[in-house]
Visitor: 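Before anything else, here's the structure in question.
Just so it is clear: chains get the letters A, B, ... in the order the sequence lines come, proteins before strands, and each one is counted from 1. Predicted model, so just to flag it, every value in this text is computed and none were measured.
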Amino acid sequence: MMARILITSAIPYINGIKHLGNLVGSQLPADLYARYMRARGAEVLFLCATDEHGTPAELAAAKAGKPVDQYCAEMWAVQAELAQGFRLSFDHFGRSSSPQNHRLTQHFAGRLADAGLIREVSEKQVYSNADGRFLPDRYIEGTCPNCGYDKARGDQCENCTKQLDPTDLINPRSAISGSTDLEVRETKHLYLRQSAMRDDLSAWIDSKSDWPVLTTSIAKKWLNDGDGLQDRGITRDLDWGIPVKKGDQDWPGMEGKVFYVWFDAPIEYIACAAEWVDAGKGADWERWWRTDKGAEDVRYVQFMGKDNVPFHTLSFPATILGSGEPWKLVDYIKSFNYLNYDGGQFSTSQGRGVFMDQALSILPADYWRWWLLSHAPETSDSEFTWEAFQQDVNKDLADVLGNFVSRITKFCRAKFGEVVPDGGDYGPQEIALVADLQARLTRYQAHMEAIEIRKAAAELRAIWVVGNEYLQSAGPWTIYKDDPDRAAAITRLALNLIPFYAGLSAPFIPDAAASMAGAMGVDVAWPESAETALSALPPGHAFRVPEVMFAKIDDDTRAEWARRFAGVRS
RNA sequence: GGGCCUGUAGCUCAAUGGUUAGAGCAGAGCGCUCAUAACGCUUUGGUUGGGGGUUCAAGUCCCUCCGGGCCUACCA
C-alpha cells in the first residue's frame with residue numbers, strides 16, 4: 001500500500017522577506033523530505049502558507065502606508081514567488097487570513113468552549129491613546145527599575161535580563177510612537193485551558209521517544225516548569241485577525257476582538273488543505289486530516305525552527321485534542337537550531353544577513369539549497385560564512401559533480417560521438433562499483449527516511465565521488481588506444497551514472513538534476529537499484545553534452561558579495 | 001535566577017559505553033591528462049574545554065568549574 005505523508009513547514013510571518021536562516025529552519029528541509037518521499041512513490045501533501053495576523057503585521061502595513069489586507073496580499077505574492085524561486089514544491093501555499101481558516105478557527109474555538117476548555121479573563125493591559133491600540137508588553141519601553149537602562153522593554157530588560165511587567169517601567173512610553181500617553185485599561189480575553197490538558201499532553205509527549213531531543217526537551221520544560229503548563233490567552237484587541245466567534249455564533253462580550261495569531265496560525269495547516277481543494281488542486285482534504293475520514297494511515301511530519309516548538313508540541317495539540325474531534329495529530333516533529341551569519345545572528349528586524357530575494361539575485365537556487373541543506377543546523381547552531389560557502393559549493397557542485405558530468409560526456413563525444421557507445425563487457429571493476437553504489441544508495445535512503453539531512457548530504461556527495469574514482473582507476477582514455485571496446489564499456493557505465501545521479505540528487509538540487517537527466521534524454525527518476533540503473537541507457541542512446549552546470553565562484557566575486565551583504569538592509 | 005542544548009584536527013562536522021577517536025575542506029607530496037587548473041592516491045594534523053569520579057573499558061555516564069547558544073509563556 002502506498003505510503004501517505006502529510007508535510008507542513010512552519011508558516012513564515014508576513015512582515016517581510018525571509019532570510020536564509022528562516023529558509024533552512026523549516027521550508028527547505030520540508031521540501032527536501034517532500035521531494036524524496038514523492039520520488040519514492042509516496043502520496044504526499046506538502047503545505048505551507050503565510051502567517052498574516054498579529055501586531056507586527058499591522059505595524060509593517062502602517063509603515064508601508066498600506067491597508068493591512070492589501071499589504072498582506074502583496075507580501076503573500078512576493079513570498080510565493082520567492083518560494084517558487086527556491087523550488088519549494090508546496091502543493092499549496094495558503095494564507096492564514098483565508099476564509100477557510102476563519103471558519104475553522106472559529107469552529108475550533110466553539111468546540112473548545114463547548115468542552116469547557118475556554119475561560120474568560122478580565123485583565124488590565126496598557127493602552128496607548130496616541131497609537132489607538134493596546135500594546136503588547138514588548139512594545140512598551142521605559143527605564144529599568146533594576147539597572148536604570150533606558151530602553152528596557154515591558155517584558156524584559158535586555159541590559160540586565162530581569163523579567164519585568166510593563167507597570168514596573170519608569171517613564172513608560174510606546175515603542176511604536178514614543179508617546180507617553182499610556183493608560184491601563186480593563187479588557188476581557190479568552191484563555192485556552194491548557195492546564196486542564198496537561199496530563200494528556202504529557203503522556204502524548206512521553207510516547208514520542210523517537211523525536212529529536214530538541215523537540216521533546218522544550219515541550220517537557222513547558223509542561224513541568226514551575227506550576228506546570230499555563231493557560232494561554234487566545235484573543236487580542238486588534239482590528240486585523242479572525243473575529244472571535246463560537247463556531248458561527250457571536251460570542252457575547254467579545255465583540256471587536258480577534259483570535260491571537262498563534263491560535264489561528266497552526267489551524268491554517270488544516271485550512272490550507274481546504275484551500276488546496278478550493279483552488280482546484282485536490283479533491284478531498286479531510287482524508288488527510290480526519291482520522292474518521294481516511295487519514296488514519298497518514299503520517300504527519302512537521303518542520304520548524306526551535307522557537308516554534310512550544311506551539312506545535314503543546315498549544316496546537318491542545319486545540320486538536322480539546323476539540324474532541326478526530327483530527328490528525330502530528331507524528332513526527334523535526335526541529336532546527338539557528339543558522340548564524342558571519343559571527344552573529346541573521347535578523348529580519350535588523351536586516352542583517354542574506355535574504356531570499358538577494359540570494360536568488362546572485363546565484364541559482366541549487367547553490368543555496370545544497371549549501372544550506374548540507375549544513376542544516378540539526379544538532380546545534382551552524383554558521384554561514386562567504387568563504388565556507390564559496391569553498392563548499394565550488395568543490396562539491398562544480399568540481400565533484402559538475403566536472404564529472406563534463407569530463408565523461410566530453411570524452412565520449414570525442415571518441416564515440418554523442419551516443420552511448422556499444423561494445424565491450426563489464427568486468428570485476430564494474431561489479432565492485434555496482435556493489436559499492438548499492439550499499440551507498442541503501443545508506444542514503446535510510447538517512448533520508450530518518451530526515452538526517454547532513455548525513456544524507458554527505459552520503460550523496462560520496463556517491464558523486466565514486467564516479468570520479470571509477471573513471472580514474474578505469475582510465476578509459478588510456479585503454480582506448482589498445483582496446484576501444486573496453487573503453488566503450490567503461491564509458492557506457494560512466495554515462496549511466498549521470499541519470500543515476502540525477503535521480504538521487506533531485507531532492508537537493510532539482511534544477512541541476514533536471515538538466516542532467518535532460519542532457520541524457522531521460523526523465524528524472526529514483527533508481528530501483530544501482531544495478532538496474534546502471535544499464536538504463538542502452539548502446540546507441542543519444543545524448544548531448546550539457547552546458548557547465550555549476551560555474552565556480554571566484555575570489556573577487558565572493559569578496560564583493562561579502563562586502564555587499566555586510567551591513568544591514570535598509 | 002531557572003531549564004535545555006553545545007564544546008572533538010586550522011575550519012565544518014562524525015563516532016548503540018567496546019580495536020589505534022574518524023570524514024570532508026584547507027595544508028603537504030605523488031600520480032593522471034578525459035574534464036570547469038578539474039580528478040585520483042598518499043599524507044601532516046587531536047591531552048575529545050579544565051578537574052574529579054563510576055566502570056574491565058569513558059568523547060560517550062555522574063559531579064564540578066569554564067566558554068558558546070537557545071528558551072523562559074503578551075514578538076511570532
Visitor: Can you tell me the distance, in whole Å, between the CZ atom of A:R461 and the P atom of B:rU12?
Guide: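 Checked: the CZ to P distance equals 17 Å.
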Visitor: Compute whether any side-chain donor of one residue and acceptor of the other, for A:E268 and A:S96, lie under 3.5 angstrom apart.
Guide: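 No.
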Visitor: Using atom C1' of each nucleotide, how far apart are B:rG51 and B:rG67 to the nearest Å?
Guide: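 That atom pair is separated by 15 Å.
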Visitor: Nearest whole Å is fine: how far is B:rU12 P from A:W386 CH2?
Guide: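 Whole-Å distance recorded here is 18 Å.
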Visitor: Could you measure between the two C1' atoms, the one in B:rC74 and the one in B:rG69, and give it in whole Å?
Guide: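 B:rC74 and B:rG69 have their C1' atoms separated by 24 Å.
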Visitor: Describe the nucleic acid contact of A:F404 in one word from base, sugar-phosphate, nothing, applying a heavy-atom distance below 4.0 Å.
Guide: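 Nothing: the residue A:F404, judged by heavy atoms under 4.0 Å, touches no strand.
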Visitor: Work out how far the C1' atom of B:rC25 is from that of B:rU33, and round it to whole angstrom.
Guide: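 Pairwise C1' distance, B:rC25 against B:rU33, rounds to 25 Å.
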Visitor: List every contact pair, protein side and nucleotides 4-11 of chain B side both N or O, where the distance is under 3.5 Å.
Guide:
from  : atom 1 : to     : atom 2 : distance (Å)
B:rC4 : O2'    : A:S217 : OG     : 3.0

Visitor: Would you say a side-chain N or O of A:R138 is under 4.0 Å from OP1 or OP2 of B:rC75?
Guide: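 Yes, such a contact exists.
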Visitor: Tell me every residue that passes ring-ring contact (aromatic ring centres under 6.0 Å, His included) with A:F508, counting only those two or more places apart in sequence or in another chain.
Guide: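 A:W370.
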Visitor: Which part of the nucleic acid, if any, lies within reach of A:F550 when heavy atoms closer than 4.0 Å are counted: base, sugar-phosphate only, or nothing?
Guide: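 Base contact.
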Visitor: Can you tell me if A:H312 and A:Y269 form a side-chain donor-acceptor pair at under 3.5 Å?
Guide: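 Present: a donor and an acceptor within the cut-off.
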Visitor: For RNA chain B, just give me the dot-bracket, please: Watson-Crick or G-U, both distances below 3.5 Å, ( ) intra-strand, [ ] crossing earlier pairs, | paired with another strand, . unpaired.
Guide: (((((((..((((....[...)))).(((((.......))))).....(((((..]....))))))))))))....
Visitor: Sequence neighbours left out, what passes salt bridge (Lys or Arg N to Asp or Glu O under 4.0 Å) with A:R454? Give chain and number order.
Guide: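 Checked A:R454 against salt bridge (Lys or Arg N to Asp or Glu O under 4.0 Å); matches are A:E378.
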Visitor: Please collect all ring-ring contact (aromatic ring centres under 6.0 Å, His included) contacts where either partner lies in residues 473-495 of chain A, sequence neighbours excluded, each pair once.
Guide: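 Passing the test, one end in residues 473-495 of chain A: A:F416-A:Y480.
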Visitor: With rounding to the closest Å, how many angstrom separate the P atoms on B:rC63 and B:rG45?
Guide: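 The answer is 36 Å between these two P atoms.
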Visitor: Please classify the nucleic acid contact of A:S382 as base, sugar-phosphate, or nothing, using heavy-atom distances under 4.0 Å.
Guide: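 Sugar-phosphate contact only.
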Visitor: Run the salt bridge (Lys or Arg N to Asp or Glu O under 4.0 Å) test against A:K151 and tell me which residues pass, sequence neighbours left out.
Guide: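 Partners of A:K151 by the salt bridge (Lys or Arg N to Asp or Glu O under 4.0 Å) criterion come out as none, since no residue qualifies.
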Visitor: Taking OP1 and OP2 of B:rU12, is either one under 4.0 Å from a side-chain nitrogen or oxygen of A:R454?
Guide: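 For A:R454, the contact criterion (side-chain N or O under 4.0 Å from OP1 or OP2 of B:rU12) is not met.
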Visitor: Between A:S382 and A:H375, do the side chains contain a donor N or O and an acceptor N or O under 3.5 Å apart?
Guide: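 No donor-acceptor contact under 3.5 Å links the two side chains.
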